[in-house]
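Accompanying notes for the structure given below.
Labels below follow one simple rule: chain letters A, B, ... track the order of the sequence lines, proteins then strands, and each chain is numbered from 1. Below, all heavy atoms of this structure are taken into account, side chains as well, without hydrogens, waters or symmetry copies.
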Protein chains: 2
Amino acid sequence: MKPVLKVMTKEHTDSCARQQFADCRNCRLGALCLPIALATADVERLDNIVERKRPLQRGDHLYREDDTFRSVYAVRSGAIKTYHITDDGQEQVTGFFFPGEIVGMDGIGCGRFGGSAKALETTSICEIPFESLGELSMQLPSLQKHFFQLMSQEITEDQKLITLLSKSSAEQRIASLLLSISARNARRNLSDTRFRLPMSRTDIANYLGLTIETVSRLFTRFARNGLVTSDNKEIILEDLNRLRQVASVNRNRV
Amino acid sequence: MKPVLKVMTKEHTDSCARQQFADCRNCRLGALCLPIALATADVERLDNIVERKRPLQRGDHLYREDDTFRSVYAVRSGAIKTYHITDDGQEQVTGFFFPGEIVGMDGIGCGRFGGSAKALETTSICEIPFESLGELSMQLPSLQKHFFQLMSQEITEDQKLITLLSKSSAEQRIASLLLSISARNARRNLSDTRFRLPMSRTDIANYLGLTIETVSRLFTRFARNGLVTSDNKEIILEDLNRLRQVASVNRNRV
DNA sequence: CGCCTGGTTGAGAATCATCAACATCTGTGG
DNA sequence: CCACAGATGTTGATGATTCTCAACCAGGCG
């Protein structure tokens, strides 16, 4: 049994969210998750179609590759990783999702999920049935538009990752990932300099197209150079500006 | 002046399309471009909002990064590359688009295009104004759904590229690209074994996260091993099956 | 004709992967 | 509460792939 005190850590915000989450109207993540310029009455209609599920435990699947697509999912608390299995059986991590972010939009296309989604830690989720959403969108132009936006944001995100994988050294990839998580924490009013990485080194390596050894070595190198302090998954970014430099100073390809 | 005979080459299909393209109803690409189960009357409504533009010349921009987003574009003939400029001024090619494919969906999110799109050769385009499309979607559920599908397909495509960049050797990347273009040619009823690559080695290298030297060396290696015959941009895939093997045999990472 | 762009080829260097040993953490059962 | 096993992470030595630099070739155009 963990002491109750645990609730008062930096995860405080999310922990509270977990309880308060009666509906979309007073969801603390509202502005992040579906920050639509919806009239109050419209939020209510959205709220009606959203289903809250019981929390996933670490390692539980939210959905699996080839499952029939019915819903997209908003992360309330915790963290999700998405991944594919390649033809030759290897895992490819394609993304990490934090509270306020939407998972599962790749499934809209073919009616099945193109990859799997798995909880990295205890995670609570709002399920948004897509059929109903489609109908609702039909009536609420702003909701439809917003959904288009979310999807194209995902395209943009993926393209950033493509650039990262295509052009950057191992050092830059890791610096970029840390900065990305930092920025996403800031959005949720959490610290942008001290946080816990919910994913394993293996997941980081896989996501960034590196080996765990390289990731490990770079964490220690960053620590040696005073860029970060890291105690396993707990991490402190000691110098955001210098980290930004590291992330962007490119070896001069092409 | 090119001799009229030119029209009878393997680009025949597309060349014809260029003329016949009075409207969406008898577009030969129809089933590829917006293969919707639309009633005839509905295609007519779609047709009404589509604008045909005059052809782009090689090097012309279809749109540029940060241009206000108003439309998505269907490629009728020719080829388009999309690219970003990174913070430090380098180009990152994010995709190649062939006839029947839709460009510009990354712009939907923030109201501006997230990258630029440029013609690799003489290219004709159908412009699909997005505002009108939004309204039309509102009335035609199947069109809205289809558009969601197109976008999530793009997400899926991007994720394949992510996997490619993250997990594959230079050899596999190039084999995969060739196979991708081959398959897309097949979709258009062109040869899947002999075609002209519309993009430069530089673009290929950039797209695949390699250097031009590596790309060049691998083309010659492939030729030496009887996988392909290549005369500059003209290419013949001599052994599709073996090429598929090369593309998928992974070094065993993670 | 010479210039310029784009492509090919070679030799050496650098980054990152691989293999291997070891350390640390977590959870389970005694 | 401790001991142990398995998973996860760290560190070191070596090697392969791919980059870098450089020379050279081919085709298009003024």
Side-chain angles (χ1 to χ4, degrees), chain A residues 1-2 57-59 81 90-93 118 120-122 164-175 177 196-225 228-235 246 249-254, chain B residues 2 57-59 81 90-91 93 120-121 164-175 177 196-225 228-235 246 249-254:
Chain A
M1 280 287 110
K2 304 244 171 183
Q57 295 307 309
R58 176 197 162 107
K81 80 167 175 187
Q90 290 180 78
E91 181 173 318
Q92 168 67 44
V93 176
K118 186 192 255 190
L120 291 167
E121 56 190 12
T122 306
L164 193 68
L165 293 173
S166 170
K167 287 256 179 313
S168 314
S169 64
E171 209 172 38
Q172 289 163 41
R173 294 181 203 192
I174 297 194
L177 177 62
R196 187 172 176 284
L197 296 172
M199 71 291 280
S200 67
R201 296 283 190 267
T202 305
D203 285 333
I204 294 178
N206 190 311
Y207 177 68
L208 295 177
L210 303 168
T211 56
I212 50 173
E213 292 96 329
T214 303
V215 173
S216 183
R217 274 185 249 276
L218 284 173
F219 270 95
T220 46
R221 194 200 298 174
F222 281 1
R224 207 165 42 232
N225 298 345
V228 309
T229 309
S230 80
D231 175 17
N232 200 355
K233 307 205 162 177
E234 296 294 337
I235 195 153
V246 170
V249 171
N250 246 312
R251 43 176 167 180
N252 266 7
R253 292 232 190 126
V254 180
Chain B
K2 304 245 172 185
Q57 295 307 311
R58 176 195 161 105
K81 80 167 174 185
Q90 291 181 75
E91 182 173 318
V93 176
L120 292 168
E121 56 191 13
L164 192 68
L165 293 174
S166 170
K167 288 257 180 310
S168 315
S169 64
E171 209 172 40
Q172 290 163 41
R173 293 182 204 193
I174 296 195
L177 177 61
R196 189 174 174 281
L197 297 172
M199 70 292 279
S200 66
R201 296 282 190 269
T202 307
D203 285 333
I204 295 178
N206 189 312
Y207 177 69
L208 296 177
L210 303 167
T211 57
I212 49 172
E213 293 96 328
T214 303
V215 172
S216 182
R217 274 185 251 274
L218 285 172
F219 269 98
T220 46
R221 194 198 299 172
F222 281 2
R224 207 166 41 232
N225 297 345
V228 309
T229 309
S230 81
D231 175 16
N232 202 356
K233 307 204 162 176
E234 296 293 338
I235 194 153
V246 170
V249 172
N250 246 310
R251 44 178 168 179
N252 266 6
R253 292 231 188 130
V254 177

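Between the side chain of A/R217 and the base of D/dG9 there is no donor-acceptor pair of N/O atoms closer than 3.5 Å. Judged by atom type and distance alone, A/E213 reaches the base of C/dC19 through a side-chain donor-acceptor pair under 3.5 Å.
As rounded to whole Å, 15 Å separates atom P of C/dG6 from atom CE of B/M199. Distance A/I174 CD1 to C/dT15 P: 15 Å, rounded to the nearest Å. Between the NZ atom of A/K167 and the P atom of C/dT15 there is a distance of 18 Å, rounded to whole Å. Rounded to a whole Å, the CD atom of A/E234 is 16 Å from the C1' atom of C/dT24. Rounded to an integer number of Å, the gap from A/L120 CG to D/dT8 C1' is 15 Å. Between the CZ atom of A/F219 and the P atom of D/dG9 there is a distance of 10 Å, given to the nearest Å. Distance, B/R221 CZ to D/dT17 C1': 9 Å, rounded to whole Å. Distance B/R201 CZ to D/dG27 C1': 14 Å, rounded to the nearest Å.
Between A/T211 and C/dT18 there is no side-chain polar atom (N or O) within less than 4.0 angstrom of OP1 or OP2. One finds a side-chain N or O of A/T220 lying less than 4.0 angstrom from the OP1 or OP2 phosphate oxygen of D/dT11. Between B/T214 and D/dC19 there is a side-chain N or O to OP1 or OP2 distance below 4.0 Å.
Ion pairing between a basic and an acidic side chain is recognised when a charged N comes within 4.0 Å of a carboxylate O; A/K233 and A/E121 show no such pairing.
In this structure the side chain of B/T214 never reaches within 4.5 angstrom of the side chain of B/L208, judged on heavy atoms. In this structure, the side chains of A/N206 and A/Q92 come closer than 4.5 Å at one or more pairs of heavy atoms. Put simply, the side chain of B/E234 does not reach to within 4.5 Å of the side chain of B/N232, judged on heavy atoms. For the pair A/L197/A/F219, a side-chain contact is recorded, criterion being any heavy-atom separation below 4.5 Å from C-beta on. Looking at B/N225 and B/V246, their side chains never come closer than 4.5 Å, going by heavy atoms from C-beta outward.
In this view, B/T220 satisfies the side chain to side chain donor-acceptor pair (under 3.5 Å) rule with no residue, not counting sequence neighbours.
Candidate nucleotides D/dG9, D/dT10, D/dT18 were compared by shortest atom distance to the side chain of A/S216, and D/dT10 ranks first.
Across the helix from C/dC1-D/dG30 to C/dG30-D/dC1, the helix axis at one end is tilted relative to the axis at the other end by 30° (nearest 10 degrees, each axis from five pairs).
Of the residues near DNA chain C, A/N232 and A/E171, the one whose nearest nucleotide (by heavy atom distance) lies more toward the 5' end is A/E171.
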